[in-house]
Amino acid sequence: QHLRWSVREAAAILPHLAPGGIWDGAMAAQMTADLVGKFSMTEHEAAQAVHEVMGWEAASVHTSCELAWRLSSKRFRWQPDAIAALLWNLRDGEGTGTPASGQDHSAEWDALDLSQLGDALLERGWDVEDIAELVGEFPLAWDVDMSADLIGGLNWGLERTAFLLRSLISLESRSPPELATFIHSLRIRHQWETGEVSALLREALVDANPYTS
């Protein structure tokens, strides 16, 4: 008869399997891939295991970036929706939510978190298109006001920033009050100049996209 351990019970022995009892992002990524791929655990259960071995650090943007970068590699080939589900649950090892469900508000990511994650992944060599696909799995990125905070926290240059914006929200379909909210948020909360906002909106409305050609 097979032993039926809880995730917490099984994870309790994992720190002893690491050199010096210390787990890093690379080891956590390998464990996560094995738990989901070989043992059919959910992303939520895998996130619980990562919490057990890494503690509070599991919820950091640094760890999220490390896991996203490694799990998306050719070795593991995780898709953005699976990575987003894992990252969402890393914010609370007891959570049961997913980005799409809107559950588990105690663990919810905010725009600044996603902005920092995007910066970190860009530094790791991710394409802007891939970052947009991952960030787009979080519904808060679709909100005009929240997307202003996300965009305002980046320092990517005009073309990259405009591409992310274009990927997340369809400016053409937004109402004038929504666009006014977006512009106001960038100007007031992020001290963008009027010319900077205008240049971003013009670039975001351009059909040609140098990052998908």
Side-chain angles (χ1 to χ4, degrees), residues 1-127 130-141 150:
Q1 184 177 1
H2 294 292
L3 293 174
R4 296 185 61 83
W5 288 16
S6 69
V7 172
R8 187 176 297 278
E9 290 171 332
I13 69 170
L14 293 176
H16 304 290
L17 302 180
I22 300 175
W23 282 68
D24 59 19
M27 297 174 65
Q30 180 66 65
M31 178 189 69
T32 300
D34 286 344
L35 291 176
V36 175
K38 296 180 180 180
F39 300 101
S40 301
M41 284 191 176
T42 64
E43 289 84 3
H44 161 59
E45 291 170 325
Q48 285 184 290
V50 173
H51 260 281
E52 290 297 326
V53 299
M54 298 191 73
W56 64 268
E57 191 176 350
S60 70
V61 172
H62 174 78
T63 297
S64 293
C65 174
E66 182 79 9
L67 289 171
W69 179 66
R70 292 184 180 278
L71 291 172
S72 65
S73 68
K74 293 181 179 179
R75 181 178 181 184
F76 300 120
R77 299 181 184 279
W78 275 39
Q79 296 301 307
D81 58 340
I83 294 175
L86 176 71
L87 300 189
W88 181 268
N89 282 292
L90 281 176
R91 285 301 170 100
D92 182 357
E94 301 299 328
T96 58
T98 64
S101 72
Q103 298 171 345
D104 194 11
H105 296 293
S106 65
E108 188 170 316
W109 286 62
D110 60 27
L112 177 60
D113 295 326
L114 292 182
S115 182
Q116 292 175 343
L117 180 63
D119 278 341
L121 289 171
L122 190 67
E123 291 178 2
R124 285 294 190 109
W126 269 36
D127 294 331
D130 295 330
I131 295 173
E133 192 172 0
L134 175 62
V135 171
E137 292 289 335
F138 293 80
L140 69 91
L150 169 58

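- When side chains are defined from C-beta on, Glu43 counts as touching Trp78, because their heavy atoms get closer than 4.5 Å.
- Under the 3.5 Å distance criterion, the side-chain polar atoms of Arg70 are left unmatched by any main-chain donor or acceptor of Leu67.
- Under the 3.5 Å distance criterion, the side-chain polar atoms of Ser115 are left unmatched by any main-chain donor or acceptor of Ala111.
- The backbone N or O of Leu87 lies less than 3.5 Å from a partner atom in the side chain of Trp109, making a donor-acceptor pair.
- With contacts defined as side-chain heavy-atom distances shorter than 4.5 Å, the pair Asp24/Met27 qualifies.
- Under the 4.5 Å side-chain criterion, counting only non-hydrogen atoms from C-beta, Asn89 is not in contact with Thr42.
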Candidate pair Gln30 and Arg75, rule side-chain contact (heavy atoms from CB on, under 4.5 Å), full reasoning:
CA-CA 10 Å; Gln30 180 66 65; Arg75 181 178 181 184; 2.4 Å; yes
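- Here Ser60 pairs with Thr63 under the side chain to side chain donor-acceptor pair (under 3.5 Å) rule; sequence neighbours left out.
- No donor-acceptor pair closer than 3.5 Å links the side chain of Asp34 to the backbone N or O of Met31.
- The shortest side-chain heavy-atom distance between Leu134 and Ile131 does not fall under the 4.5 Å cut-off.
- For Val36 against Ala46, the heavy-atom pair with the smallest separation is CG2-CB, 3.9 Å.
- Residue Ala84 comes nearest to Phe138 through the heavy atom pair CB-CE1, 3.8 Å, listed as atom of the first residue, atom of the second, then distance.
- Using a 4.5 Å heavy-atom cutoff, the side chains of Ser72 and Asp130 are not in contact.
- Between Thr32 and Phe76, the closest side-chain pair of non-hydrogen atoms is not below 4.5 Å.
- The two residues Val50 and Ala58 come nearest to each other via the heavy atoms CG1-CB, 3.9 Å.
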